[in-house]
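Have a look at the structure below, then the notes.
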There are 2 protein chains.
Amino acid sequence: MIKPDKPTTHAERERFQKFIKKMGLRLTRERMDLLDGIKKQTGHFSVDELVQRLKERRYRVSRDTVYRNLSLLMEAGVLQTSYKSGRDTLYEVKSGRPHHDHLFCRHCGRVVEFVDKRIEKAQQAIARKKGFKIESHSHQLVGVCQKCQKTNRQFMNR
Amino acid sequence: MIKPDKPTTHAERERFQKFIKKMGLRLTRERMDLLDGIKKQTGHFSVDELVQRLKERRYRVSRDTVYRNLSLLMEAGVLQTSYKSGRDTLYEVKSGRPHHDHLFCRHCGRVVEFVDKRIEKAQQAIARKKGFKIESHSHQLVGVCQKCQKTNRQFMNR
DNA sequence: CTTCATGCAAAAGATTTGCAAGTTC
DNA sequence: GAACTTGCAAATCTTTTGCATGAAG
């Protein structure tokens, strides 16, 4: 289920560097490490998980630097918010693959991805009507999955 | 712009009490105060704001109790998550009024609500297909509003 | 050599938990 | 009376910030 490494291409690097320059920011080893390291990620991850994964792959970037560069990475189109899960926000690599939204089982925590053209289109229409320029979106349906519906459902107050 | 108080009806109280019983939980003054106090709220609010508002209206419920009863209130259909804003989660009274989703300007923080029948329908279809029983959803479009697009847009790293 | 970025440690802010005392059933 | 709730204070966990040092332009 793990996809092979998809290392940063030359073009991607260049685009990121140009973006940094355009923003009047500085080109640092850490920022390039972030780009390279993140590009190799798959699936959803929290900042903490990302730092762990980067550490395993010998990219040396502190958690603080990740936090401080989050919005840069998102503006540059490298990362995007996936969804918010309990305490922390999950991110994912922004790739060419179509947006996917999430069905979340609040019982077992299972996450199912979905894509729906009608929804994507409707979103565009709404943004246009309201004058917004959309940069990202998050769309989650929260409920109970089939398996958990069958299981005896018990309410937990704490 | 402030709507008149919409006090808890007898039927609502009874339904909530039955729900508590069904869950094998206890009927406490605090829980009833929460129901009554929350029913008078309008708009979006964080737990902190809710506690403030309850305090102003002389409902005596501690913040801890609000937190501990959040999921009860949501399962009982009294409250629902509105959207996550920066650090905290915003809630709103679950009423008969149609779901509304949000356009969020990441520049000025402005929130615009929208409702779209096509989206609502598509969601239902997806849930059905995946076997989920949907209890709530959150749908946010993040971008830049018209006003902020005109303003000189500056990227902030910190 | 000036300004920005990093890492560390400490702070901040939201939510959760341990515990003793008070309530509900 | 046993089990559940509450409020308080302390703990947790994520994210942010202050500061001194180091790197980029």
Side-chain angles (χ1 to χ4, degrees), chain A residues 16-35 37 44-55 59-76 79 81-91 106 154-158, chain B residues 16-35 37 44-55 58-76 79 81-91 106 109 154-158:
Chain A
F16 187 56
Q17 294 180 345
K18 272 186 184 163
F19 185 82
I20 290 177
K21 288 301 183 183
K22 196 178 67 182
M23 288 306 188
L25 303 174
R26 289 184 180 172
L27 206 58
T28 62
R29 176 185 61 69
E30 288 84 353
R31 282 177 174 153
M32 291 315 287
D33 269 22
L34 267 174
L35 176 68
H44 316 300
F45 43 83
S46 65
V47 167
D48 208 59
E49 282 162 354
L50 177 59
V51 172
Q52 286 311 315
R53 296 187 192 181
L54 293 179
K55 196 175 289 176
Y59 291 107
R60 264 167 309 121
V61 187
S62 74
R63 183 196 322 287
D64 310 67
T65 297
V66 174
Y67 274 114
R68 283 203 250 241
N69 285 288
L70 269 183
S71 49
L72 167 66
L73 290 161
M74 296 208 276
E75 293 235 356
L79 264 189
T81 299
S82 175
Y83 58 92
K84 307 230 180 180
S85 159
R87 274 183 153 108
D88 48 21
T89 303
L90 299 190
Y91 300 88
R106 74 163 170 76
Q154 192 179 5
F155 173 72
M156 302 282 298
N157 184 33
R158 52 168 77 203
Chain B
F16 188 55
Q17 293 178 347
K18 271 186 184 162
F19 186 81
I20 290 177
K21 287 301 182 185
K22 197 178 69 182
M23 289 305 187
L25 303 174
R26 290 184 178 171
L27 207 58
T28 61
R29 176 185 61 68
E30 287 84 353
R31 281 177 175 151
M32 291 315 288
D33 269 21
L34 267 174
L35 175 68
H44 317 299
F45 43 84
S46 64
V47 167
D48 209 57
E49 284 163 352
L50 177 59
V51 173
Q52 287 310 314
R53 296 188 192 180
L54 293 179
K55 196 174 290 175
R58 324 275 149 176
Y59 292 106
R60 262 167 309 120
V61 188
S62 74
R63 184 198 323 287
D64 310 66
T65 297
V66 174
Y67 272 114
R68 283 203 252 241
N69 285 290
L70 269 183
S71 49
L72 167 67
L73 291 161
M74 293 209 277
E75 294 235 356
L79 264 189
T81 299
S82 175
Y83 58 92
K84 309 229 181 182
S85 159
R87 275 184 154 107
D88 44 24
T89 304
L90 299 191
Y91 300 88
R106 74 165 171 76
Q154 191 178 7
F155 173 72
M156 302 283 297
N157 182 33
R158 52 168 75 203

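First the proteins, then the strands, lettered A, B, ... as listed; each starts at 1.
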Atom-to-atom span, CZ of A:R31 to P of C:dC4 - whole angstrom: 11 Å

Nearest-angstrom distance from the residue atom CG of A:L54 to C1' of C:dG7: 16 Å

Rounded distance (Å) that lies between atom C1' of D:dT21 and atom CD of A:E30: 13 Å

Pairwise distance CG(A:L54) to OH(A:Y59) - rounded to 0.5 angstrom: 8.0 Å

Toward the 5' end of DNA chain D, by each residue's nearest nucleotide, B:R87 or B:V66: B:V66

5′-ward residue of the pair A:S62/B:V47 relative to DNA chain C: A:S62

Minimum-distance pair of heavy atoms, taken over all atoms of B:T81 and B:M74: OG1-SD, 3.7 Å

Rounded distance in Å - CZ (A:R68) to C1' (D:dT15): 11 Å

Close side-chain approach of B:Y91 and B:L73, heavy atoms under 4.5 Å: no

At a cut-off of 3.5 Å, list every protein nitrogen or oxygen paired with a nitrogen or oxygen from nucleotides 9-11 of chain D, distance to 0.1 Å.
residue, atom, partner, partner atom, Å
D:dA9, N6, B:D64, OD2, 2.8

Listed nucleotide nearest any side-chain atom of B:D88, set C:dT15, D:dT6, C:dC8: C:dT15

B/S/- contact track for nucleotides 20-25 of chain C, protein heavy atom under 4.0 Å: ----BS

OG1-CG distance between B:T28 and B:L34, expressed to the nearest 0.5 angstrom: 8.0 Å

Distance, rounded to the nearest Å, where B:L72 contributes CG and C:dT16 contributes C1': 17 Å

First encountered from the 5' end of DNA chain D, between A:Y91 and B:R63: B:R63

What donor-acceptor contacts under 3.5 angstrom involve side-chain atoms of residues 45-53 of chain B, with partners at least two apart or in another chain?
residue, atom, partner, partner atom, Å
B:S46, OG, B:D48, N, 3.4
B:S46, OG, B:E49, N, 3.1
B:D48, OD1, B:R63, NH1, 2.3
B:E49, OE1, B:S46, N, 2.9
B:R53, NH1, B:Q41, OE1, 3.0
B:R53, NH1, B:T42, O, 3.2
B:R53, NH2, B:H44, O, 3.4

Set of residues satisfying side-chain contact (heavy atoms from CB on, under 4.5 Å) with respect to A:M32, sequence neighbours excluded: A:R13, A:F16, A:Q17, A:L27, A:L35

Value in whole Å for how far the P atom of C:dG7 lies from OH of A:Y59: 16 Å

B:Y67 side chain near C:dT15 phosphate (N/O to OP1/OP2, under 4.0 Å): yes

Nearest non-hydrogen partners of A:A76 and A:F19, listed with the distance: CB-CD2, 3.6 Å

Closest non-hydrogen atom pair, A:R60 against A:E30: O-CG, 4.2 Å

Touch class at under 4.0 angstrom, heavy-atom based, for B:T89 against every strand present: sugar-phosphate

With B:R87 via side chain to side chain donor-acceptor pair (under 3.5 Å) - residues at least two apart: none

Axis deviation across the helix from C:dC1-D:dG25 to C:dC25-D:dG1, five-pair ends, to the nearest 10°: 30°

Nearest-Å distance for atom pair CG/P, residues A:N69 and C:dA5: 8 Å

Between D:dT5 (P) and B:L34 (CG): distance, integer Å: 13 Å

